[in-house]
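In what follows, a structure is listed as structure tokens, so that the remarks can point back to it.
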2 protein chains.
Amino acid sequence: MEKTDKRCAIVRATLDIVAEQGFHGAPMALVAERAGVAAGTIYRYFESKDALINEVFHYLEERFFAAVMEHYPEGAPVRERFLHIGGVLVRYCIGAPLEFRFLEQFHNSPYGVAHCREKFFNKDNRDVITELFSEALGAGIVKDLPLPALFGLAFGPLLDICRDHILHFIELDDELVSRCVEACWDAIRR
Amino acid sequence: MEKTDKRCAIVRATLDIVAEQGFHGAPMALVAERAGVAAGTIYRYFESKDALINEVFHYLEERFFAAVMEHYPEGAPVRERFLHIGGVLVRYCIGAPLEFRFLEQFHNSPYGVAHCREKFFNKDNRDVITELFSEALGAGIVKDLPLPALFGLAFGPLLDICRDHILHFIELDDELVSRCVEACWDAIRR
DNA sequence: CCTCCCGAAATGAACGTTCATTCTTTTACC
DNA sequence: GGTAAAAGAATGAACGTTCATTTCGGGAGG
């Protein structure tokens, strides 16, 4: 994960505590305790709490994209590629609930809004998912809606069911996940 | 709204500041200043900050349900009733961005999770939307999925596009709203 | 009509706590 | 024994909340 043991322990502790208690419930003293280091030690590895949190986020973002790209059916039809991404997304999230909760916390916070804004206005940022949707739009395979709306239709509900599963409002199994991802496809397909 | 001028001013100030800056960015001193009262005065009307925030939430919740129920086509087919609710939801949210942002903040916080949990496990809580979905499920009009999943598919994307609109990532007009609500219908309909 | 007084309402400085961050001291290794 | 790493007490800022004090409005007494 990271270069040294202690650095890794601090990242892990931050991830866990923020996921469980939110940013408010994650004072540096507690992070230090959980990581098995002294409070001051954190500042040998991270400039500030903000820097620490952003680093945790980028670490998770990388892991997540790596998961999506594994076994990605490159040349397959749009629908199949979408089903792959959706399925991996949900399975990854419910398999790593702490990471999911952290990302959710991050997303709904000043950090997340800033990150979104940057992503959105930095037009030459082309990830796989954007590529896929652009292609599908061009080929008339999906509804002619703005990209952010398609993203919302496609992935909003998937994140919702992940949260519901983690909070034990529903119990997802492979079959239910597939049916939900297909429902999302129904939402965007023309 | 409330019984007295000052009480109302405090609620309004809390709503505005929390919507704009989040819970962290809304210290009582700032709320007091914006409401035009002294810090101590707030505690004549509210027991604590938590009590204040919960009161703001319940106030908004009421207003929101009132909006949905206005012109609700009681006897109409399921699809039509759903389109009504979806359309009103989106139009209400983008017409009251501060209220929307507050509710979003609330939802993604310990307050919101507690509220959700209570709603979910209090089974005899029957609102219009739950009624509608239960009826549709029974009649086989929508996909046979758990209620929370249907909720996510139906309303998750709508809240997403409201946020995107308020953050100026997209520009919603009546026609685009309708198409998005219909896309959500496609997601849940059998 | 003026004055005094009373209780409720409002004030804002002060308090205690919590937090991120800093800094001096101690440890551990070469 | 010297140097980099780690420790944890110290610091100061920010916060929610409290409370001694002031302000306000109006009713009673002269």
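Proteins get letters first, then strands, A, B, ... in listed order; numbering begins at 1 in each.
Residues satisfying the salt bridge (Lys or Arg N to Asp or Glu O under 4.0 Å) criterion with Asp186(A), sequence neighbours excluded, are Arg189(A), Lys143(B). Residues passing the salt bridge (Lys or Arg N to Asp or Glu O under 4.0 Å) test with Glu104(B) are Arg101(B), sequence neighbours excluded.
Scanning both residues, Leu153(A) and Leu145(A), for their nearest heavy atoms gives CD1-CD1, 3.7 Å.
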Just the atom pairs and distances: protein N or O near nucleotides 9-14 of chain C's N or O, under 3.5 Å.
unit_1	atom_1	unit_2	atom_2	d
dA9(C)	OP2	Arg44(B)	NH2	3.2
dA10(C)	OP2	Tyr45(B)	OH	2.5
dT11(C)	OP2	Ala38(B)	N	2.8
dT11(C)	OP2	Thr41(B)	OG1	2.6
dG12(C)	N7	Gly40(B)	N	3.4

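Rounded to whole angstrom, the span from the CG atom of Leu30(A) across to the P atom of dT21(C) amounts to 16 Å. One can place CD of Glu33(A) at 12 Å from P of dC19(C), the figure rounded to the nearest angstrom. Spacing between atom CG of Asp50(B) and atom P of dG16(D) amounts to 11 Å, rounded to whole angstrom units. In this structure, Tyr43(B) places its OH atom 12 Å from P of dC15(D), rounding to the nearest Å. Straight-line distance from the CD1 atom of Ile17(B) to the P atom of dG16(D): 11 Å, rounded to whole Å.
Counting non-hydrogen atoms of other residues, nucleotides and ligands closer than 6.0 Å to CD of Glu131(B) gives a total above 12.
In this structure, Arg163(B) is not positioned above the aromatic face of Phe169(B) in the sense of NZ or CZ being under 6.0 Å from the six-membered ring centre and within 45° of the axis.
Among residue pairs with one or both ends in residues 73-86 of chain B, those qualifying as salt bridge (Lys or Arg N to Asp or Glu O under 4.0 Å) are Arg81(B)-Glu135(B); sequence neighbours excluded.
To the nearest 0.5 Å, atom CG of residue Leu89(B) and atom NE2 of residue His84(B) are 10.5 Å apart.
Contact check of residues 19-28 of chain A against DNA chain D (heavy atom, cut-off under 4.0 Å) returns no residues at all.
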Compile the donor-acceptor pairs under 3.5 Å between side chains in residues 172-180 of chain A and protein atoms, sequence neighbours left out, one pair per line.
unit_1	atom_1	unit_2	atom_2	d
Asp173(A)	OD1	Glu175(A)	N	3.2
Asp173(A)	OD1	Leu176(A)	N	2.8
Asp174(A)	OD1	Arg91(A)	NH1	3.2
Glu175(A)	OE2	Arg179(A)	NE	3.1
Ser178(A)	OG	Asp174(A)	O	3.1
Arg179(A)	NH1	Asp144(B)	O	3.0
Arg179(A)	NH2	Asp144(B)	O	3.3

